[in-house]
2 protein chains.
Amino acid sequence: MDTLEPLETRELRYFTAVAEELHFGRAAERLGMAQPPLSRAIQRLERRLGVRLLERNRRGVSLTGAGEVLLHEGRAALDAITAATRRTRRAGGSGGPEGARDRLVLAVKAAASHELLQKLLAAHAAEPDAAEIEVLPCGMCEQPELLRDGRADVALMHAPFNSLAGFDSEELMTEGQIAVLPAGHPLAARETLSLADISDVPDLPPARWQQHGTYPPGPGPEIRDQTQLAQLIALGRTLAVFPESARAWLWSEHTAVPLSDAPPVVTHIAWPAHSRSLALAGLIRTATRL
Amino acid sequence: MDTLEPLETRELRYFTAVAEELHFGRAAERLGMAQPPLSRAIQRLERRLGVRLLERNRRGVSLTGAGEVLLHEGRAALDAITAATRRTRRAGGSGGPEGARDRLVLAVKAAASHELLQKLLAAHAAEPDAAEIEVLPCGMCEQPELLRDGRADVALMHAPFNSLAGFDSEELMTEGQIAVLPAGHPLAARETLSLADISDVPDLPPARWQQHGTYPPGPGPEIRDQTQLAQLIALGRTLAVFPESARAWLWSEHTAVPLSDAPPVVTHIAWPAHSRSLALAGLIRTATRL
DNA sequence: TACCTGTGATACCCGACGGGTATGACAGAG
DNA sequence: CTCTGTCATACCCGTCGGGTATCACAGGTA
């Protein structure tokens, strides 16, 4: 009876599609198949698990408690599977037979900790038998996702912006934060600022980053990347808060003022907790010795 | 070409079996199937990944580098899948429709932190809407495994014995360690001891715990559980080091002597980093307020 | 050398199941 | 009462997972 025969990957993919769309037709389309076999697959899954996952309410579909659990756990499992695929391909694919130099993919928030990254890469390259490092630039908060699904092996993360939950990590650097203001603005003349000073400046409303294709509400300008933000600051339309290392790429129309009470930004090197790769261990050793 | 069609769970199971046995016949037997289809499945897997996983050396099989990667990553993925199955079944299975009280499985090293556990369970039961807690006693080091494959949702772990890598955790308690000696032994008369004092006592060699069915080498007696250890100490054959809370279950033939230089034991409550369960959050809140 | 043994690979067959199309059942909007 | 949108059912087919029988080949062994 309770055979505990494991879920097949395909079933998990089907279920997450339906659970996300809450609509069999759209889910089937997304999966590139017809709707009836999808329905059957979900039914079979529910039968196998002995648990109702979806509530079919004649008009749309909703998740049961168990369905929500499976959606979360299933996503994690699917990530683990694609990570296994990617890392295996990477380990054996490129070079011919064994002996192919190990390759590590390092995910880095574009333009963040640039100097640190330079030093790290230089120091690592100087090591004998160092693995080849591929730098994967990424957006603000996607390092965890990249590590989880195997597109990256190791990442530079920035607390408190990235959560280190679920990863092993080592601290590399701590820095304060600065307010970046239009050079001509009255506040730019100050020696230091507090978060309160800049939280409610009427003529410099905080910019709104695009999140999942949509923008949060508010008065500030809408932006999609850091260059747009830099330009808007230069135009006197907004201000922003950055780690001190951002001074490296400021424009002449920008003025940086230290923030007295902003939480410090801690740069970590982080990797999946179960990693057992020698190449990774070498990189971490190099990083912690910087 | 590079369809990146995901690995099926079955293929992963087959591969890990072969990779562990390094022998197609035995692996097939373990999987309850015949050898030829297993061989074909592995070949197909290698073709799909475009990577050689096993080196067939006419006399036995060995893992390639990519094979080792897939073995590690695949185990993690399989754990994630069985965790998804277990937690989903648990979430929807027991009680009828929704509203069934949440249930959490708490893994605890048997007899460790007993008093803390008592207080935690009492405090939790006093909360309104508290989830039902099932206590799962386990051996010394298996809490991480239980959390990973979903047999448990949360665990009491003891640094530095358990590694917290890959989990979220909160510190609950710190305690010193004690040496537990036969009551009549000369060392038992001391006020305190150091690790050096007890590391090489000829008539009290450290006991050897069974690990994966086998015993490490050495002069000490072989044991399989804590009761056997307690008895051997009472008989004057060995000594042991425990956290202070072990005083609760000492026998009258035992004497506990504080260790001045043993690292403190820190009890944590730990859970999978991706957990999003309200019931779990409630338990953690209760625990940290103790 | 010749043979036996143990190993993984190949050849062939069958039944199960994943997937497609057509259609049904049913609730809600008009 | 019909029309529409939605998921379930019925039925068919091709693929593929699995089994049995057998092959190919390396190492011992007499």
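The model shown is predicted, which means the values in this text are computed figures rather than measured ones. Order of the sequence lines fixes the chain letters, A, B, ..., with proteins taken first and strands second; residue numbering starts at 1 for each chain.
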note: A:Leu38, atom CG; D:dT9, atom P; distance rounded to Å ~ 14 Å
Checking the side chain of B:Glu46 only, and the main-chain atoms of B:Leu53 only, is there a donor and an acceptor separated by less than 3.5 Å? yes
Does A:His23 have a side-chain nitrogen or oxygen under 4.0 Å from the phosphate oxygens OP1 or OP2 of D:dG5?
no
Check: B:Arg87 side chain, B:Asp149 main-chain N or O, donor-acceptor pair, under 3.5 Å
no
Checking C:dG19, D:dG18, C:dG8 against the side chain of B:Val61 (C-beta onward), the nearest is C:dG8
Per side-chain contact (heavy atoms from CB on, under 4.5 Å), B:Leu70 is matched among B:Leu63, B:Thr16, B:Thr64, B:Leu12 by B:Leu12
Here the distance between atom C1' of C:dA9 and atom CZ of B:Arg44, to the nearest Å, is 14 Å
Report yes or no: do A:Gln35 and A:Ser39 form a side-chain donor-acceptor pair below 3.5 Å?
-> yes
So, B:Glu142 side chain and B:Gly139 main chain: donor-acceptor pair closer than 3.5 Å or not?
-> yes
A:Leu7 atom CG is separated from C:dG18 atom P, nearest whole Å, by 13 Å
Whole-Å distance, B:Leu54 CG to C:dG8 C1', equals 11 Å
Rounded to whole Å, the CZ-P distance (B:Arg48 to D:dG17) equals 9 Å
Between B:Pro36 and B:Arg26, the residue closer to the 5' end of DNA chain C by nearest nucleotide is B:Arg26
Check your understanding: Going by modelled atom types, is there a donor-acceptor pair between the base of C:dA9 and the side chain of B:Gln43 at under 3.5 Å?
Key -> no
Side-chain atoms of B:Tyr14 come closest, of D:dG18, D:dT20, C:dG20, to D:dG18
Using OP1 and OP2 only, check whether a side-chain N or O of B:Ser39 sits under 4.0 Å from C:dA9. yes
Here the distance between atom C1' of D:dC16 and atom CZ of A:Arg10, to the nearest Å, is 11 Å
Does A:Arg40 place a side-chain N or O at less than 4.0 Å from the phosphate oxygens OP1/OP2 of D:dA10? no
Between CG of A:Leu22 and C1' of D:dC7 the distance, given in whole Å, is 14 Å
In whole angstroms, the gap separating P of D:dC16 from CD of B:Glu11 amounts to 12 Å
Taking D:dA8, D:dG19, C:dG18 as options, the one with an atom nearest any side-chain atom of A:Gln35 is D:dA8
From the candidates D:dC7, C:dG20, C:dA9, the one with an atom nearest any side-chain atom of B:Arg56 is C:dA9
The nucleotide from C:dA9, C:dG19, D:dA8 with an atom nearest the side chain of A:Pro37 is C:dG19
Of C:dG18, C:dG8, D:dC7, the nucleotide closest to the side chain of A:Phe24 is D:dC7
